[in-house]
Amino acid sequence: MSKDAIVLLKEDHQEVRKQFRAFRKQDQTPVQKQGIVDTILELLTVHTYIENEVMYPRVRQLLPDLEDDVLESYEEHHVADVLCMELAVMDATDERFDAKTTVLMENVEHHMEEEEQEWFPKVREGLGRKQLQELGEELLEAKKRAPRRPEKPSAMKKAIDAVVK
Ligand SMILES: [Fe+2]
Ligand SMILES: [Fe+2]
């Protein structure tokens with residue numbers, strides 16, 4: 001049974017929210033926090049990949065009226081990508097680790113909220129059931145080839161060090 005693209009993306013969002021809740025629990029060791037952040041980075045890397053590679057370009061093509069929403073989404077993902085790359089090379093004992101994770105979570109929560117409340121309903125209205133199912137298939141295929149970790153974190157770290165130091 002194939003899956004509707006929006007249902008699939010919302011399930012991803014729920015997984016992400018579950019990890020955010022886990023991170024916010026009190027009294028965790030740096031090792032525990034590191035583990036949760038590693039999971040968050042993996043979930044976000046895969047989710048961003050399938051949205052950027054499949055969902056956004058296809059919606060842009062099929063529903064030109066949603067162009068502005070798509071462009072805004074790319075920018076929001078870009079901000080999250082930068083934070084993810086920074087976190088990927090940061091140690092959980094770093095004094096900025098919690099703060100950076102919190103900023104990442106706030107950004108992603110805002111973005112997921114916007115997708116679910118504003119963007120997805122417009123997509124559902126504009127596309128038929130069959131199209132959404134086909135898009136769901138494409139998303140599942142993309143998941144198989146998606147990267148699991150933020151790409152080129154070491155190059156990013158060098159760039160940050162060059163600016164900060
Ligand atoms: Fe998104
Ligand atoms: Fe999303």
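One-based numbering along the sequence shown. Given the structure is predicted, the values throughout are model-derived calculations rather than measurements. Just so you know, ligand 1 is whichever comes first in the structure, and atom 1 is the first atom listed for that ligand.
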Can you name the ring-ring contact (aromatic ring centres under 6.0 Å, His included) partners of H77, sequence neighbours left out? Y56, H111

Run the side-chain hydrogen bond (donor to acceptor under 3.5 Å, both in side chains) test against Q131 and tell me which residues pass, sequence neighbours left out. none

Look at atom CD of Q61 and say whether more than 12 heavy atoms of other residues, nucleotides or ligands are closer to it than 6.0 Å. yes

Kindly indicate whether the side chain of E141, heavy atoms from C-beta on, has any atom under 4.5 Å from the side chain of E137. no

Any non-hydrogen side-chain atom of H47 less than 4.5 Å from a side-chain atom of E15? no

Please report how many protein N/O/S atoms lie under 2.8 Å from the Fe ion (ligand 2). 4

Counting only pairs under 3.5 Å, give me each side-chain donor-acceptor contact of residues 30-37, with atom names and distances, residues two or more places apart or in other chains.
residue: Q32; atom: OE1; partner: T29; partner atom: N; Å: 2.8
residue: Q32; atom: OE1; partner: T29; partner atom: OG1; Å: 3.3
residue: K33; atom: NZ; partner: D98; partner atom: OD1; Å: 3.4
residue: K33; atom: NZ; partner: D98; partner atom: OD2; Å: 2.7
residue: Q34; atom: OE1; partner: A92; partner atom: N; Å: 3.0

